[in-house]
2 protein chains.
Amino acid sequence: MAPSLKPEISSAEFDVLDVIWDDHPVTSSEVVNRLNERKPWHDKTVKTLLGRLVKKQVLGFEKRQRQYLYHPLIARELYAEKETQHFVKRLFKGKVAPLVAGFANQSNLSKQDVDELKAFIEAWENKHD
Amino acid sequence: MAPSLKPEISSAEFDVLDVIWDDHPVTSSEVVNRLNERKPWHDKTVKTLLGRLVKKQVLGFEKRQRQYLYHPLIARELYAEKETQHFVKRLFKGKVAPLVAGFANQSNLSKQDVDELKAFIEAWENKHD
DNA sequence: AATTATTGATTACAGATGTAATCTAAAAGA
DNA sequence: TCTTTTAGATTACATCTGTAATCAATAATT
């Protein structure tokens, strides 16, 4: 599937944004380096993606001499939350529990994952009593 | 964002597939009718999408006279689970708990949602003790 | 039987996406 | 200073996607 929200971010663009979220501001060559670990992309390709992200107002930059220092204009958490809304709505009629159940059905949940879920629920219940 | 798994299903294609999952087998005109409630698509458009889904081997069909009766070749649950794996991995480093927390942060979880989560957890713990 | 409507097949066409190559100006090196 | 490298800007190009229109065969109508 795939489509999503406001500034539509493509898959390849997301990979670029992801390493920028990790640490910024960052130059394009540093982005290329970070991506090299995972993606066999030509630096021209990465530069194209950076340009598209800037045009989409997902990234901002400042010039330092001849280079650009890129930084995200959207927080990772907010982006993830918005995508999650969309995802849960489309695939699970807006219900998270079935998502979690289906998830557990494919990947093996660890005890820690479950404990985290329990902790979350407990916190939620304390707040909403 | 968006990309996903094996038979890449686009957003518009997913809308078509979704109503077919609801009930099948189904003719193209019935698909058009079901979609009309939500999407203002021309029937030619829907037919194009049906053809693409067949080519991608997401839908199968049988001929009845001159018409086709379409049916899904992939189960909704399995598709949803695979997409979920992918989604959780990319946006939440493979951890569901943060997804749930972020989800609750945007949409309001109902008590029922939380109860469902608790029920799931309890079942999980009974099985994995 | 002739005409019209319907169904699927083929074709269309602009914008998005993946993946670069080329061009241009500036910086770095010889 | 002349040459080479590098950074970003512009251009390229095939495929995918959204959104149909046209064509050909068949079924339904008049």
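Sequence lines set the chain letters: A, B, ... in the order given, protein chains first and strands last, and positions in each chain run from 1. Note that these values count all heavy atoms, side chains included, but never hydrogens, waters or copies made by symmetry.
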Undergrad: A:Glu13 has an atom CD; how far is it from atom P of C:dT19, in whole Å?
TA: 12 Å
Undergrad: Okay, side chain of B:Arg34, backbone of B:Asp23: is any donor-acceptor separation there less than 3.5 Å?
TA: yes
Undergrad: Check this for me, if you would: do A:Lys111 and A:Asp115 make a salt bridge, where the nitrogen-to-carboxylate-oxygen distance has to be below 4.0 angstrom?
TA: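 Salt bridge: yes.
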Undergrad: Whole-Å distance between D:dT10 P and A:Leu49 CG?
TA: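 Distance check: A:Leu49 CG to D:dT10 P gives 17 Å.
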Undergrad: Where the side chain of B:Trp21 meets the backbone of B:Ile74, is there a donor-acceptor pair that is under 3.5 Å apart?
TA: yes
Undergrad: Is a donor-acceptor pair below 3.5 Å formed from side chain A:Ser10 to base C:dA16, judging by atom type as modelled?
TA: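 Per atom types, no contact qualifies.
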Undergrad: For B:Ile9 and D:dC16, what is the distance between atoms CD1 and C1' respectively, to the nearest whole Å?
TA: 14 Å
Undergrad: Between A:Tyr68 and D:dA9, does any side-chain N or O lie under 4.0 Å from OP1 or OP2?
TA: yes
Undergrad: What residues form a ring pair (Phe, Tyr, Trp, His ring centres under 6.0 Å) with A:His128, not counting sequence neighbours?
TA: A:Trp124
Undergrad: Calculate the interatomic distance between B:His42 atom NE2 and C:dA12 atom C1'; express it in whole Å.
TA: 14 Å
Undergrad: Let me know the distance between CD of A:Gln67 and C1' of D:dA9, rounded to the nearest Å.
TA: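 The distance from CD of A:Gln67 to C1' of D:dA9 comes to 16 Å, rounded to the nearest Å.
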Undergrad: Mind calculating the distance between CZ (B:Phe14) and C1' (D:dC16) to the nearest angstrom?
TA: 19 Å
Undergrad: Can you check the B:Asp15 CG to D:dT17 P distance for me, whole Å?
TA: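 In whole Å, D:dT17 P and B:Asp15 CG are 14 Å from each other.
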Undergrad: Mind calculating the distance between CD (B:Glu8) and C1' (D:dG18) to the nearest angstrom?
TA: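 It is 16 Å, rounded to the nearest whole Å.
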Undergrad: Less than 4.0 angstrom between a side-chain N/O of B:Trp41 and OP1 or OP2 of D:dG18, yes or no?
TA: no
Undergrad: Taking B:Phe103's backbone N and O only, do any of them form a donor-acceptor pair with A:Gln85's side chain (distance below 3.5 Å, no angle check)?
TA: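 Indeed, once roles are kept as given, a pair shorter than 3.5 Å links the two residues.
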Undergrad: Keeping B:Asp113 on the side-chain end and B:Ser110 on the backbone end, is there a donor-acceptor pair under 3.5 Å?
TA: yes
Undergrad: Heavy atoms under 4.0 Å, any strand shown: does A:Lys55 hit a base, just sugar-phosphate, or nothing?
TA: nothing
Undergrad: For nucleotides 22-30 of chain D, read 5' to 3', which letter fits each nucleotide if B means a protein heavy atom sits under 4.0 Å from the base, S means only the sugar-phosphate is that close, and - means neither?
TA: B--BBS---
Undergrad: Assuming nearest nucleotide by heavy-atom distance, tell me which of B:Lys47 and B:Arg52 is located more 5' along DNA chain C.
TA: B:Lys47
Undergrad: Would you say the side-chain atoms of A:Arg64 pair up with the backbone N or O of A:Thr27, donor to acceptor, closer than 3.5 Å?
TA: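 Absent.
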Undergrad: Does a nitrogen or oxygen in the side chain of B:Thr45 sit under 4.0 Å from OP1 or OP2 of D:dA20?
TA: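 B:Thr45 to D:dA20 OP1/OP2: side-chain N or O found under 4.0 Å.
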Undergrad: Using a 4.0 Å heavy-atom cut-off across all strands, classify A:Lys39 as base, sugar-phosphate, or nothing.
TA: nothing
Undergrad: Mind checking A:Ser28 for me? I need base, sugar-phosphate or nothing, with any heavy atom below 4.0 Å counting as a touch.
TA: sugar-phosphate
